[in-house]
Amino acid sequence: MLDIKYLRDNFAAAQKALATRSGELDLSGFQALDQQRRELLSETETLKAEKNKVSALIGQTKDKSQVQGEIARMKEVSAQIKELDERLRSVEEQLSELLMGIPNIPHEQSPVGASEEENVEIRSWGDRPNFAFAPQAHWDIGEKLGILDFERAGKISGARFALYTGAGARLERALINFMLDLHTEQHGYLETLPPFLVNRASMTGTGQLPKFESDLFHTEEVDLFLIPTAEVPVTNIHRDEILNEKQLPLCYTAYTPCFRKEAGSHGRDTRGLIRQHQFNKVELVKFTRPEDSDAELETLLQNAEKVLQLLELPYRVVDLCTGDIGFSAARTFDIEVWLPGQECYREISSCSNFRDFQARRAAIRFRREGAKKPELVHTLNGSGLAVGRTLLAILENYQQADGSVLIPEVLKPYMGGLEKIDN
RNA sequence: GGAGAGGUGACCGAGAGGCCGAUGGUGCUCGCCUGGAAAGCGGGUGUAGUGAAAGCUACCGGGGGUUCGAAUCCCCCCCUCUCCGCCA
């Protein structure tokens, strides 16, 4: 959520900045609603002050017969207050709905552009493998090795689910452990294991609600949502809290499964592990002081890149343009891994600085040393990494002519010393 | 799922229609005292909205209601604890 005061005072500038994002945005009602709200507020508060004053007087008067007129008048005032409050509530509801639907203002340094075509590659790492044979896609490799079973997953659940077996399941688990160990032992993140079902307040805090409810799996009788990313429960760890400046930055990592409806992506990436209703992810989340968030995004991005470097998987880093940045983010870097089976780069991590957008929604603040007023923190997060996509990248990059797949050096200890997966 | 007890400021804990944004204590902080510290003494110490400011308004788990007036009474919901049931 944007700062209403900022929007009020910089309406034209905000509108201009927001126009560089994709999608339609109608802010025309804002100024009138904002005005109405303040008028109603002042009106009802004047009446409340009057009511409070007179009621105190009535309380002090022993002989109530002397104040019958006051009592009657206050009854009238109370009714007026009630009516004004109702109008105020309706205006505030409309205003909040409008405000909650406004995306974050892009970072000044984000490249301006209309779509992903205009994202800017800022660096790449590693050498793409040269194969003396035609590399296969991971779904073929995995099925032939008997470690991925999409057909039975379809039977059990439906489309966009995967069944891992044997070395496949082990490899997924090895990756989770490897990533968590790296981030906790080398990068200083605190491991967490949060709930996978969260309430509306949490989803609203990070920006999934109210706008993107249709992307979420929802449970019927208890009004909970399956998390689409660990960002939601982990960022909400500190919802409605005031942190000490000394604690910052707070850095958390979490492994969780993620659940997404993928509504609107019918027919896209229907094969393989790329786009699943359920997938595993290790997430990195930071809470920082405002002045530190740009630098912290850079280190978070490097922490995510480190996973690919250690796994020796070639990748590139892309600075998302204003038209491609997600709703809540101000700035986003995507890491894209090279997939030889499909001869393209695919997103494997998305690292974002949300600035105070989520913090305002979720009321996550901190108090500076000696300061009276608390301030909003900045929140950041990034995948470190999407586990399923990492596994498929290994299958495609480490595949051999005979159909086997070598295990990356750093994963061998996590695979019980296994050197390669074959039949 | 059943029965009971609770949810008050950073924390503990009073308050049971008006004198309560809330006694007291702990913590924190500033000052005095001290060679320094402890102890002691004195002051300060919630958040938000609105306003140029003084101030005003709201908030005692959440939402409704009764009343001139609600932390306090009534209704619904949520959460925590204890016991029983069930279960990993």
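Order of the sequence lines fixes the chain letters, A, B, ..., with proteins taken first and strands second; residue numbering starts at 1 for each chain.
- Of the candidates R37(A), R38(A), R87(A), E92(A) forms a salt bridge (Lys or Arg N to Asp or Glu O under 4.0 Å) with just one, namely R37(A).
- For the pair I81(A) CD1 and A58(B) P, the interatomic distance rounds to 8 Å; values are reported in whole Å.
- Comparing U47(B), C68(B), U57(B) by their nearest atom to the side chain of R365(A) picks out U47(B).
- With a 6.0 Å radius and a threshold of 12 heavy atoms from other residues, nucleotides or ligands, E241(A) has its CD atom above the threshold.
- Nucleotides G43(B) and U80(B) place their C1' atoms 38 Å apart, quoted to the nearest Å.
- For R200(A) and G62(B), the shortest distance from a side-chain N or O to OP1 or OP2 is not below 4.0 Å.
- In this structure, R89(A) reaches neither bases nor backbone, as no heavy-atom distance under 4.0 Å exists between it and the strands shown.
- Put simply, NZ on K48(A) is 15 Å from P on C56(B), counting in whole angstrom units.
- Across C75(B) and A53(B), the matching P atoms stand 44 Å from one another, rounded to whole Å.
- Put simply, R37(A) has a side-chain N or O that comes within less than 4.0 Å of OP1 or OP2 on U50(B).
- An OP1 or OP2 oxygen of U47(B) is reached within less than 4.0 angstrom by a side-chain nitrogen or oxygen of R367(A).
- As judged by a 4.0 angstrom heavy-atom cut-off over every strand, S42(A) is placed among residues making no nucleic acid contact.
- A salt bridge links R331(A) with D319(A); the closest basic N to acidic carboxylate O contact falls under 4.0 Å.
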Worksheet item: What pattern of brackets, bars and dots sums up RNA chain B from 5' to 3', given Watson-Crick or G-U wobble pairs under 3.5 Å, [ ] for crossing pairs and | for another strand?
Response: ((((((((.[[[..)..(.....]]]((((((.......))))))(((((....))))).[[[[[..)....]]]]])))))))....
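- Here U50(B) presents its P atom at 19 Å from CG of L47(A), a figure rounded to the nearest Å.
- Side-chain N/O atoms of K82(A) include one lying less than 4.0 angstrom from OP1 or OP2 on G65(B).
- Aromatic pair F196(A)/F259(A): centroids not less than 6.0 angstrom apart.
- Taking atom CD of residue E241(A) and atom P of nucleotide G46(B), one finds them 19 Å apart after rounding to whole Å.
- One P atom belongs to C28(B), the other to A39(B), and the distance between them is 10 Å to the nearest Å.
- For the C1' atoms, the distance from C12(B) to A52(B) is 41 Å, rounded to whole Å.
- Atom CE of M74(A) and atom C1' of U66(B) are 19 Å apart (whole Å).
- Every residue two or more places apart in sequence or in another chain that forms a side chain to side chain donor-acceptor pair (under 3.5 Å) with Y414(A) is listed here: D181(A).
- Here the separation of G15(B) from G6(B), taken at their P atoms, is 12 Å to the nearest Å.
- Taking for each of L41(A) and I71(A) the nucleotide of RNA chain B with the nearest heavy atom, the 5'-most of the two is the partner of L41(A).
- Residues meeting the salt bridge (Lys or Arg N to Asp or Glu O under 4.0 Å) test with E291(A), sequence neighbours left out: R289(A), R368(A).
- Two residues, R38(A) and G59(A), neighbour RNA chain B, and the one matched to the more 5' nucleotide by heavy-atom proximity is G59(A).
- Here the side chain of A49(A) is nearest to one of U47(B), C56(B), C68(B), namely C56(B).
- Here the P atom of nucleotide A48(B) and the CE atom of M1(A) are 13 Å apart, to the nearest Å.
- The base of G18(B) does not come close enough to the side chain of Q60(A) for any donor and acceptor atom to sit less than 3.5 Å apart.
- Between N52(A) and U57(B), a side-chain N or O to OP1/OP2 separation shorter than 4.0 Å is present.
- No side-chain donor-acceptor contact under 3.5 Å links N244(A) to the backbone of K246(A).
- The aromatic rings of H187(A) and Y189(A) sit perpendicular to each other, their planes meeting at more than 60°, with 30° as the lower class boundary.
- The side chain of R8(A) approaches U50(B) more closely than any other nucleotide in the set C56(B), G18(B), U50(B).
- Atom CG of D240(A) is separated from atom P of G9(B) by 14 Å (rounded to the nearest Å).
- When the P atom is used for both U34(B) and U26(B), the distance is 24 Å, rounded to whole Å.
- Salt bridge E336(A)/R389(A): absent, no basic N to carboxylate O contact under 4.0 Å.
- On the C1' atoms, C60(B) is 10 Å away from C20(B), given to the nearest whole Å.
- Residue contacts for K5(A): at a heavy-atom cut-off of 4.0 Å it reaches the sugar-phosphate backbone alone, with no base atom in range.
- In this entry the distance linking CD of Q36(A) with C1' of U50(B) reads 17 Å, nearest Å.
- Comparing the P positions of A88(B) and G4(B) gives an interatomic distance of 28 Å, to the nearest angstrom.
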